[in-house]
Amino acid sequence: MSFDNTPGNPFALSTDDLARLEAIREGMLDPSPRRIGRLDQWGLADTYETYAEVARYTEVSITLPDGTVLDASLSVPRDLAPGQACPAVVLPAPLNNLGHRAYLGMFPRWTLGGYVVLAYSQRGLAKSTGEIQVAGPQDVADATEVINWLVAQDGVDPGRIGLFGSSYGAGTSLLAAANDQRVKAVAGTSAWGDLFASLYENGTRHLKAFEALVQLFDEDRCSQEFRDVIEKIRNDTIDDEVREFAQVRSPRHYLNAYNDAATPILLTTAWHETIFSVPAVVDLFTGLTGPKSLLVQVGDHGNGELSGLAGLLSKPTEMAYRWMDHHLGGSAGDGREPRFGIRSEYMHNLLSDLRHDDWESYALPRKRFHLADATAGERDGQMAEGLPQPGWARSVKATGRSTEAVVAPKLIQTGLAERMGLPHVYKTAEIDRGLAAIWTTAPLAQTMRVQGDLEVRVTVKPQEANATIVAYLMDCDPATGRSAVITHAPYTITDEQTGRTTTITFPLQPAHYVLPRGHQLQLIIDTNDPFFADANTAPSAIEISSPQGAESYIDIPIDTLD
């Protein structure tokens, strides 16, 4: 068997990555000098030679009660003493065609730490049979059957079972833990808290991310229930069926189960996550009362743990090893205690590492920046603290095409470049002001940090009954006219009376960003972003205003950098 890769997959591995993964698999199945020697070109021969000395790797099939067969891999320590039992970690696969083999790079660390390891592909993924349920009740029941199968193997301590997963595997891990109290610890990287919030933000469908996920799932392998939901989301039919589908697949819906069992839960996400809702992950973390930890990093979905899944170092996987060691008694980590509370990086500093006990102590108090009209001779409005600024109006055209301001030119890949120190540059000075309204602060007198939750209020009057606006907060360098995105959010109005004035208040994605002295904050509002479904009629226009008593503003958690 060889690994392939889906064309257009934003999570695609390079040819060299795939070759390395195939060589690792072959060396684990057949740890002969010839096979292990092939790994020397990647500097991995010693690692997997040591692994083969202490553990036995096999690829297994787990047959479920309904006849579905799950593709899986099992690693068991060699030479266990009679009656000796080890902690075990179960790894549901992320959403890619590698299935459980995506975790092969982690096996040596888990195994050398004294764990039995079982990785598996959920039904309908990779080589597993059955239909894709999207972490639904059947997948949760399957996880229980997988644990049943695992604890029947020699050497497994049924009282020390943990679940680790990335992305789709994180969701399955969290939902399975809510259902099966044998799970004593969970670590979910690039996790989701609420599936509906991830699909539908402020009345706006995250259509680009949704279609990317559907492509990875492969519609032909999906259950009829999921295919029906796919069509409803595409057609903007957000009814009770869609809401119920998402709710039962949302870990936030099972807070009572986690809290009653005091399940230790580690979550990770990213500031510019484009797949799953960051606020929903924060809400899940905040609602947990048991042992908990949240890591938020620079980048996008899956970026932070990518190197760790390959067997190298990453904060998410190092935290996961410590987390399991602390709660299950293994030794895969570096021996240090896990960090509880919130751990975060700020844009664009990968070396930053801040710690707070909870979100309340993490988020800075918000300051209100009022939106004002442009002064004489200026094309952009002003954004400043002080008094409200009523009595102005600006019109933006909806043409069906986007401006320079977009959430991310490429899903996942833009965030990965950002994580590598190459954030996307926005030439906001070149944006057509007929397509966007822009407000800018004076140059900052000191280095400032934005840290926490943001909120925008504006009054809109669309020409049509339905309308979408997208707000972006930027870090602008006035010397070059170039900007970097801090955060964003869309908002969609539906079924309003044509030409009716409506005041809307909506949250932006939370942010952690340091602005250099002399830079400016810049708020951009336009009508189209390819990332979101667009409810506007083209051509049309939307008037943005600031009436007396409902003046427009943006609330920003900002302070000087200590």
Side-chain angles (χ1 to χ4, degrees), residues 55 70 72-76 86-96 98-122 125 135 139-140 142-144 146-147 150-151 156-157 160-180 182-192 251 258 263-269 276 281 284 291-295 301-302 304-334 338-339:
L70 301 184
S73 49
L74 177 68
S75 175
V76 180
C86 305
V89 61
V90 179
L91 287 70
L95 182 56
N96 61 40
L98 302 177
H100 64 89
R101 297 168 184 88
Y103 294 126
L104 288 181
M106 298 184 74
F107 270 58
R109 285 286 296 275
W110 290 121
T111 303
L112 293 172
Y115 291 87
V116 174
V117 187
L118 176 65
Y120 74 97
S121 308
Q122 295 93 304
L125 294 186
D139 294 305
V140 172
D142 291 350
T144 288
V146 167
I147 294 172
L150 177 62
V151 298
V156 177
D157 184 346
R160 292 190 289 165
I161 303 293
L163 285 171
F164 170 87
S166 173
S167 186
Y168 188 57
T172 301
S173 295
L174 288 163
L175 293 163
N179 182 67
D180 195 325
R182 291 175 297 181
V183 178
K184 302 305 181 185
V186 182
T189 64
S190 294
W192 76 77
Y258 302 130
T263 307
I265 294 179
L266 164 66
L267 302 166
T268 82
T269 186
F276 298 134
V281 173
L284 172 61
K292 60 183 178 178
S293 184
L294 171 65
L295 170 67
H301 186 83
E305 68 265 31
L306 191 60
S307 59
L309 298 184
L312 304 175
L313 294 177
S314 77
K315 284 182 186 176
T317 52
E318 292 303 311
M319 289 177 70
Y321 294 133
R322 290 182 205 163
W323 195 253
M324 294 302 176
D325 289 350
H326 182 79
H327 296 291
L328 302 180
S331 58
D334 57 11
R339 293 193 182 187

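Only heavy atoms go into these numbers, but all of them, side chains included; no hydrogens, no water, no symmetry mates.
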Is it the case that the side chain of [X] and the backbone of [Y] share a donor-acceptor pair, with hydrogens and angles ignored and the cut-off at 3.5 Å?
X: R160; Y: L328; answer: yes
X: Y103; Y: P92; answer: yes
X: Y168; Y: A135; answer: yes

Passes salt bridge (charged side-chain N to carboxylate O under 4.0 Å, His left out), E318 versus R339? Steps please. CA-CA 11 Å; E318 292 303 311; R339 293 193 182 187; over 6 Å; no
If every non-hydrogen atom of [X] is compared with every non-hydrogen atom of [Y], which pair is closest and at what distance?
X: A187; Y: M324; value: N-CE, 3.7 Å
X: G99; Y: A93; value: C-CB, 3.4 Å
X: M106; Y: F164; value: SD-CE2, 3.6 Å
X: S167; Y: W192; value: O-CZ3, 3.8 Å
X: P87; Y: D157; value: N-CB, 4.5 Å
X: S75; Y: T111; value: OG-OG1, 3.0 Å

Ignoring hydrogens and geometry beyond distance, is a side-chain donor-acceptor pair present between E305 and S166 at under 3.5 Å?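 Yes, side-chain donor-acceptor contact under 3.5 Å.
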Assess the side chains of H100 and S73: does a donor N or O sit below 3.5 Å from an acceptor N or O?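 Side-chain D/A pair, H100 to S73: present.
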Given side chains that start at C-beta, do those of [X] and [Y] come closer than 4.5 Å, heavy atoms only?
X: T189; Y: T317; answer: no
X: V90; Y: Y120; answer: yes
X: D325; Y: Y115; answer: yes
X: L267; Y: K292; answer: no
X: D142; Y: Q122; answer: no
X: P291; Y: I265; answer: no
X: V146; Y: L70; answer: yes

Gap separating the CZ atom of R322 from the OG atom of S331, nearest 0.5 angstrom: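 One gets 14.0 Å once the value is rounded to the nearest 0.5 Å.
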First locate atom CG of L163, then atom CG of L91, and finally report the distance between them rounded to the nearest 0.5 Å.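 Answer for the CG-CG pair, L163 versus L91, is 8.5 Å.
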Please lay out, stage by stage, how K184 and I161 fare under the test side chain to side chain contact (heavy atoms under 4.5 Å, CB included). CA-CA 6 Å; K184 302 305 181 185; I161 303 293; 5.6 Å; no
Could you go step by step and tell me if I147 and L118 meet the side chain to side chain contact (heavy atoms under 4.5 Å, CB included) rule? CA-CA 9 Å; I147 294 172; L118 176 65; over 6 Å; no
